[in-house]
Amino acid sequence: MTNSLFSDASKRLEKALKYVSISDDASARLRYPKASLSVSIPVRMDNGSLRIFQGYRVRYDDTRGPGKGGVRYHPNVTLDEVQSLAFWMTFKCALLNLPFGGAKGGITVNPKELSKQELERLSRGYIDAIADFIGPNVDILAPDVYTNAMIMGWMMDQYGIICRQISPAVVTGKPLTMGGSQGRDSATGQGAFYVINNILPKFGHSPNNTTIAVQGFGNAGAIVAELLAKGGYKVVAVSDSLGGIYAEKGLDIPSIRQYKNEHRGIKGVYCQDTVCSIVEHKTITNEELLTLDVDVLIPAALENQITSKNADKIRAKYIFEVANGPITSEADQILENKGIYVFPDILVNAGGVTVSYFEWVQNRSGLYWTTQKVNETLKEKMVAETEETWAISQDLGVSMRTAAYIHGLNRLSEALDAKGTRNYYVNG
Ligand code: NAD
């Protein structure tokens, strides 16, 4: 295997496989993505020129149900990254016991350079290119980095135009008026909050004696920061792509969110400003944020933020991965040796896909839930699977990451065997 994000991600699977009794057929199947699609998307720009963008959709595994996963717009999107994200989705959906497989999509683009109209043409063009590969019973899309409810609405509409029928269940994270779910916007942060609030008391931490730093102030990071601050935790640092801010006494997160929301550029799509413009705080770099002397560190931006280069400098006692893949496998080992507890992405950020599942259920039944019902059902699921993962980790003496993979693997291998592996027939 090459030294790619995917080969690094696969190391977590290999580690967990040692603890699971799984057929050779099933483990072989889980080492490879089921299908990968690479497309060129021609977009007419506002100045009349034509630009071709590169897009991807990967369905990693669909043994437990249709593929499920977000679509990322970022200049660094590659097939390797999309494949890794689809791999994580597979284990995340199994861990949360959702009737989905894992998938992911992305376009290599800096969306902040596009006008709103160009962004709409790109999003609709992406659906034109992948329409045969997706569907409410095949592979379901959702938001990820730099995509949002408005973009999901365009995608659902375009799919409906192509199929000549309204198909809200092909995309989750849509605007409420187009069949979106209450609570989907805040689901990733809300789910992470339930996990953190369930874990920290096990270590004797209560909100008022816990300091927290959050890297990334988008859909996932800003909401978890706000929920933690409201819950009495002291959020002392936050950051975005341009840098961060720090205040020893704790930050006023709602006012920072309001500031970011009021400074959205490109006609209401992306925030043009940064948290660093809020002058009354000390500014810090993203690297400084990661190495702050806090109790809890929450990476909530992109992958590969904590690597063998900086893992040794991390001073937090607990890391909750709200982003996907923020810690490399090498860094994992360094953190473990330092006695730092890591709570993995496939558990901590699973609130997003869990409420996406609720949205899909609502679209298919035509019956819509209240915010209270969404949040109560989400809490029940997040707490139950956190407890099961914790129990595996304690019983086997393994990290929470390995325990999470073991838990997901058990469900995946059962489903793979039931579909007909050699073991299933030989063992009757
Ligand atoms: P988003 O686009 O809403 O926000 C991304 C944030 O990260 C922005 O504040 C941006 O400024 C910041 N950022 C970008 N590069 C950075 C850098 N180098 N350093 C610090 N900050 C940086 O995206 P999101 O939906 O919040 O996703 C963030 C992470 O959470 C991703 O890893 C994503 O896969 C994961 N995630 C998101 C969801 C969801 O429902 N949105 C669900 C599960 C996992």
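Whatever order the structure lists them in is the order used to number ligands and atoms, beginning at 1. Source: prediction; values computed, not measured.
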Option of least heavy-atom distance to atom 21 (N) of ligand 1 (set: T188, D240, V145, D144) = D240

For ligand 1, which atoms have a heavy atom of [X] less than 4.0 angstrom away?
{"X": "Y146", "result": "2 (O), 10 (C), 11 (O), 14 (C)"}
{"X": "V322", "result": "30 (O), 35 (C), 44 (C)"}
{"X": "A300", "result": "28 (C), 29 (C)"}
{"X": "L302", "result": "15 (N)"}

Does any donor atom in the side chain of T78 or D80 lie under 3.5 Å from an acceptor atom in the other side chain?
-> no

Does ligand 1 have a heavy atom under 4.0 Å from the side chain of [X], from its backbone, from both, or from neither?
{"X": "N324", "answer": "both"}
{"X": "A222", "answer": "neither"}
{"X": "R184", "answer": "side chain"}

Within the structure, does K104 bring an N/O atom to less than 3.5 angstrom of an N/O atom in ligand 1?
-> no

Within-cut-off N or O pair, R72 and ligand 1, under 3.5 Å | yes

[X] bridged to [Y] by N-O distance under 4.0 Å:
{"X": "E118", "Y": "R44", "value": "no"}
{"X": "D345", "Y": "R12", "value": "no"}
{"X": "E385", "Y": "R411", "value": "yes"}
{"X": "R124", "Y": "D157", "value": "yes"}
{"X": "D139", "Y": "K68", "value": "no"}
{"X": "K34", "Y": "D61", "value": "no"}

In terms of residue, atom name and distance, what is the protein heavy atom nearest to [atom]?
{"atom": "atom 29 (C) of ligand 1", "result": "A301 O, 3.1 Å"}
{"atom": "atom 13 (N) of ligand 1", "result": "S241 N, 3.6 Å"}
{"atom": "atom 6 (C) of ligand 1", "result": "G218 N, 3.7 Å"}
{"atom": "atom 19 (N) of ligand 1", "result": "N286 ND2, 3.2 Å"}
{"atom": "atom 3 (O) of ligand 1", "result": "N219 N, 2.8 Å"}
{"atom": "atom 26 (O) of ligand 1", "result": "A220 N, 2.8 Å"}

To the nearest 0.5 angstrom, please state how far the CG atom of L378 sits from the CZ atom of R184.
-> 10.0 Å

May I ask you to check whether Y60 and Y32 place their ring centres under 6.0 Å from each other?
-> no

Given E387 and K202, is the salt bridge (Lys or Arg N to Asp or Glu O under 4.0 Å) satisfied, shown in steps?
-> CA-CA 11 Å; E387 284 298 329; K202 296 184 193 301; 2.8 Å; yes

